[in-house]
Amino acid sequence: MARFYLTTAIDYVNSRPHLGTAYEKVTADVIARYRRLCGVSTHFLMGNDEHSQNVYQRALELGLEPRAFCDQMEQVFREVWAKLDVSFDDFIRTTEDRHKLAVTALVQRIADAGDLYEGEYEGWYCVSCEAFKPDKDLVDGECSIHQTRPEWIKEKNHFFRLSKYRDRLLQHYEATPMFLQPDVRRNEMLRLLEGGLEDISVSRTGQSWGIPLPFDPSRVVYVWFDALINYIAAVGYATDDERFRAWWPADLHVVGKDITRFHAVVWPAMLMSAGLPLPKRVFGHGWVNWQGQRMSKSLGTSVDPLDAADRLGPDPLRLYLVKEIAYGHDGDFTWERFEERYNADLANNLGNLVNRVAVMAHKYRGGRLAPVPGAISQLADRAADVVRRYRVAMDEHQLHTGMAAAFDLVDATNEFITRSEPWVLARTPDRRAELDQALFEMAEAVRIAAILLWPAMPASCTEILRRMGQVGPISEIRLDRDTTWAGGERQIVKGSLLWPRI
RNA sequence: GCCGGUGUAGCUCAGUUGGUUAGAGCACGCGGCUCAUAUCCGCGUUGUCCGGGGUUCAAGUCCCUGCACCGGCACCA
């Protein structure tokens with residue numbers, strides 16, 4: 001049976017998730033739901049990254065034990081993901097035993113391969129930050145946060161022989177053009193690889209918050225090296241071989257464009273060193289800006305996803321994120337535009353369509369619809385074409401194109417209603433059959449559109465399907481079988497407005 | 001500095017491998033319908049597809065160049 005394992009980045013828990021974080025999870029969720037709809041056995045992983053100094057720092061500020069703080073933040077994150085209907089199958093935290101065991105095992109395996117060595121890391125170190133500062137973070141030689149002069153220090157550290165894997169990585173990029181998408185990101189990584197790689201330090205000294213190196217317990221694994229390993233830890237690496245073989249390698253890592261390097265260079269090199277298969281694909285998505293500006297809490301340019309979901313509903317927010325932003329590109333979010341799209345796509349188009357179809361079905365036929373035997377459908381070809389274009393787009397993660405295709409069917413149905421004029425047919429007794437057929441067709445088209453839009457708007461589309469006479473659980477719907485033009489009698493259900501115009 | 005991207009209707013953007021009168025949504029104007037959430041349908045207005053040069057029978061779509069804006073350039077989930 002076909003399977004699909006996809007992941008998102010795990011998040012630092014030092015603050016609440018903002019809309020940009022939610023964007024990543026929602027788009028990944030749409031992909032996961034699409035695969036399930038295709039009948040593919042899907043495993044969707046998310047989680048939290050807890051071994052960061054920022055997190056440790058934040059816990060201390062709040063007077064909490066780091067672990068207790070992380071427990072609290074897990075609830076905060078889970079609440080947001082629940083509100084947005086993000087259907088992950090597993091949620092991993094890097095402080096869990098299964099993760100620690102996997103990190104310990106993988107680091108040991110990389111060491112056994114001869115790819116770790118002791119060296120010295122030197123650089124500007126800000127004592128207040130407890131962190132090394134790259135030059136770009138220094139202003140006039142001072143730490144930009146604390147306005148103090150950092151110290152130049154040397155620290156013994158363990159290094160990973162990243163440079164050793166440069167050629168193999170290049171070969172892999174050549175042989176597997178889809179490994180990193182979109183192409184902008186792939187080109188960036190290719191140039192980086194062509195320029196050569198430097199080894200990276202993978203340990204930190206003098207920190208207790210982290211996972212000890214198996215062969216040097218006085219040091220902990222650097223948070224990045226630690227974090228990446230969650231993708232194998234979650235599916236049983238070092239703890240459940242059978243499960244690990246069943247799910248690894250991942251089919252898709254969904255990550256932000258800022259961290260593609262870690263996923264498309266460092267992570268594959270780690271796996272090569274350990275002799276493990278590489279993930280099939282990495283997708284580096286863009287940013288969601290707020291009124292044209294990069295989202296930032298300190299600048300007051302961030303949006304809380306819960307506020308956005310409360311404003312017009314989780315599904316309208318999800319649709320906005322996947323339909324209005326070309327996946328892989330940066331996009332913009334404003335309240336004005338969110339409301340504009342809500343009114344245009346949902347209130348005026350889809351919502352109004354669902355309502356008018358249900359009302360006509362009841363007004364003219366008591367809610368019971370059935371196609372006329374032998375009648376030729378005027379919408380079936382259009383629906384088939386939409387489904388085809390939708391699948392091509394969704395298979396390649398062109399989520400915005402897939403959504404646009406689905407809305408073409410909504411438009412086609414509204415046009416069809418205007419052309420067939422059911423209200424005229426209803427006044428003409430000898431055109432009963434035409435009315436039967438027209439009513440059936442519009443309901444059938446709406447049913448198909450609702451299935452296509454279900455990955456983006458699960459709750460709303462489940463309700464639309466119910467109203468269009470869908471019987472049986474949503475989980476049993478299959479894209480190929482259930483989006484072909486169907487016959488059969490059905491009972492249409494009326495209901496309150498899904499999306500009142502605002 | 002090096003590398004890359006973007007620049008298309010008033011606004012937000014889509015435009016596969018170069019091919020007929022350049023598209024969508026919103027906004028605006030006119031017309032139609034009334035089942036529907038004053039919704040829907042049709043028609044229409046505005047574009048030197050950033051400027052300049054070139055290749056081609058043919059370029060928004062390829063090449064060169066100028067301008068403007070943005071991003072990447074390694075220990076930032």
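Both backbone and side-chain heavy atoms feed into the values below; hydrogens, waters and symmetry mates do not.
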Task: Euclidean distance, atom CG of residue A:Leu346 to atom P of B:G25 [Å, nearest integer] - done: 16 Å
Task: Under-4.0 Å salt bridge between A:Glu74 and A:Arg78 - done: yes
Task: First encountered from the 5' end of RNA chain B, between A:Leu497 and A:Arg341 - done: A:Arg341
Task: Separation of the P atoms in B:C35 and B:A24, to the nearest angstrom - done: 29 Å
TODO: For nucleotides B:U39 and B:U17, find the distance between their C1' atoms and express it as a whole number of Å.
DONE: 42 Å
Open item on the list: Going by the rule ring pair (Phe, Tyr, Trp, His ring centres under 6.0 Å), which residues pair with A:His99 if we only count those two or more places apart in sequence or in a different chain?
Closed with: none
Open item on the list: I need a per-nucleotide contact map over nucleotides 1-15 of chain B, read 5' to 3'. Cutoff is protein heavy atoms under 4.0 Å; write B for the base, S for backbone only, - otherwise.
Closed with: --SS-------S---
Open item on the list: Closer than 3.5 angstrom, by distance alone: can the side chain of A:Thr27 be matched with the main-chain N or O of A:Glu24 as a donor-acceptor pair?
Closed with: yes
Task: Validation row, ring centre A:His253 to ring centre A:Phe262 under 6.0 Å - done: no
Open item on the list: Whole angstroms only, please: what is the CG-C1' distance between A:Leu193 and B:G72?
Closed with: 14 Å
TODO: Under 4.0 Å between any heavy atoms, over every strand shown, what does A:Gly256 touch: base, sugar-phosphate, or nothing? Just pick one.
DONE: nothing
- [ ] Look at the aromatic rings of A:Phe91 and A:Phe88 and report parallel, tilted or perpendicular, splitting at 30° and 60°.
- [x] tilted
Task: Whole-Å gap separating C1' (B:A74) and CD1 (A:Ile200) - done: 9 Å
Open item on the list: Taking the basic N atoms (NZ, or NE/NH1/NH2) and the acidic carboxylate oxygens, is any pair closer than 4.0 Å for A:Glu421 and A:Arg427?
Closed with: no
- [ ] Quick one: which residue pairs count as a salt bridge (Lys or Arg N to Asp or Glu O under 4.0 Å) with a foot in residues 404-413 of chain A, not counting sequence neighbours?
- [x] A:Arg389-A:Asp408
Task: Rounded distance in Å - NE2 (A:His263) to P (B:C76) - done: 15 Å
Task: Nearest-Å distance for atom pair CG/C1', residues A:Asp345 and B:C26 - done: 11 Å
TODO: Run the salt-bridge test on A:Lys257 and A:Asp330 with the 4.0 Å N-O cut-off and return the result as yes or no.
DONE: yes
- [ ] In plain terms, say whether A:Arg382 and A:Asp385 are close enough for a salt bridge, that is, a side-chain N and a carboxylate O under 4.0 Å apart.
- [x] no
Open item on the list: Once you apply a heavy-atom cut-off of 4.0 Å, does A:Tyr23 come out as touching a base, just sugar-phosphate, or nothing?
Closed with: nothing
Open item on the list: Say we look at B:C64 and B:C3: how far apart would their P atoms be, to the nearest angstrom?
Closed with: 13 Å
Open item on the list: Taking any heavy-atom pair under 4.0 Å as a contact, classify A:Leu228: base, sugar-phosphate, or nothing.
Closed with: base
Task: For B:G1, the Watson-Crick or wobble counterpart (both distances under 3.5 Å) - done: B:C73
Task: Integer-rounded Å distance: B:C73 P and A:Leu190 CG - done: 16 Å
Open item on the list: Under a 3.5 Å cut-off for both contacts, is B:C28 paired Watson-Crick or G-U wobble with anything, and if yes, with which nucleotide?
Closed with: B:G44
- [ ] Could you tell me whether the side chain of A:Tyr342 and the main chain of A:Ala347 form a donor-acceptor pair under 3.5 Å?
- [x] no
Task: P spacing across the pair B:U6 / B:C13, given as an integer number of angstrom - done: 14 Å
Open item on the list: If you take any heavy atom closer than 4.0 Å to RNA chain B, which residues from residues 426-435 of chain A end up in contact?
Closed with: A:Arg427
Task: Nucleotide nearest A:Lys363 (side chain, heavy atoms from C-beta), chosen from B:C76, B:C35, B:U37 - done: B:C35
Task: Interatomic distance at C1', B:A38 relative to B:U20, whole Å - done: 40 Å
Task: Nucleotide forming a Watson-Crick or wobble pair with B:U55, both distances under 3.5 Å - done: none
Open item on the list: Among residues at least two apart in sequence or on other chains, which ones pass side-chain hydrogen bond (donor to acceptor under 3.5 Å, both in side chains) with A:Glu463?
Closed with: A:Arg466, A:Arg467
Open item on the list: Say we look at B:C57 and B:A74: how far apart would their P atoms be, to the nearest angstrom?
Closed with: 47 Å
Task: Identified pairing partner of B:A38, criterion: Watson-Crick or G-U wobble below 3.5 Å - done: none
Open item on the list: Please determine whether a side-chain nitrogen of the Lys or Arg among A:Arg67 and A:Asp71 lies less than 4.0 Å from a carboxylate oxygen of the Asp or Glu.
Closed with: yes
Task: Sequence-aligned protein contact record of nucleotides 39-44 of chain B, with B where the base is within under 4.0 Å of a protein heavy atom and S where only the sugar-phosphate is - done: SSSS--
Task: Separation of atom CZ in A:Phe225 from atom P in B:C76, rounded to whole Å - done: 15 Å
Task: Rounded P spacing from B:C70 to B:G31 in Å - done: 46 Å
TODO: Just call it for A:Gly196: base, sugar-phosphate, or nothing, with non-hydrogen atoms closer than 4.0 Å on any strand.
DONE: base
Open item on the list: Using a heavy-atom cut-off of 4.0 Å across all strands, would you classify A:Glu421 as base, sugar-phosphate, or nothing?
Closed with: nothing
Open item on the list: Is the positively charged end of A:Lys323 above the ring of A:Phe407, judged by distance under 6.0 angstrom from the centroid and angle within 45° of the axis?
Closed with: yes
- [ ] Please determine, for B:U20, whether a Watson-Crick or G-U wobble partner exists with both distances under 3.5 Å, and give it or none.
- [x] none
TODO: Counting Watson-Crick and G-U wobble pairs only, both distances under 3.5 Å, name the nucleotide matched with B:G60, or none.
DONE: none
- [ ] Classify the nucleic acid contact of A:Pro500 as base, sugar-phosphate or nothing, counting any heavy atom under 4.0 Å across all strands shown.
- [x] base
Open item on the list: Could you check whether A:Glu339 pairs with A:Arg311 (Lys NZ or Arg NE/NH1/NH2 to Asp/Glu carboxylate O, under 4.0 Å)?
Closed with: yes
Task: Pairing partner (Watson-Crick or G-U wobble, both distances under 3.5 angstrom) of B:A14 - done: none
TODO: Pick the P atom in B:U21 and in B:A59, then give their distance to the nearest Å.
DONE: 11 Å
Open item on the list: Using whole Å, what does the distance between atom C1' of nucleotide B:C76 and atom CZ of A:Arg185 come to?
Closed with: 15 Å
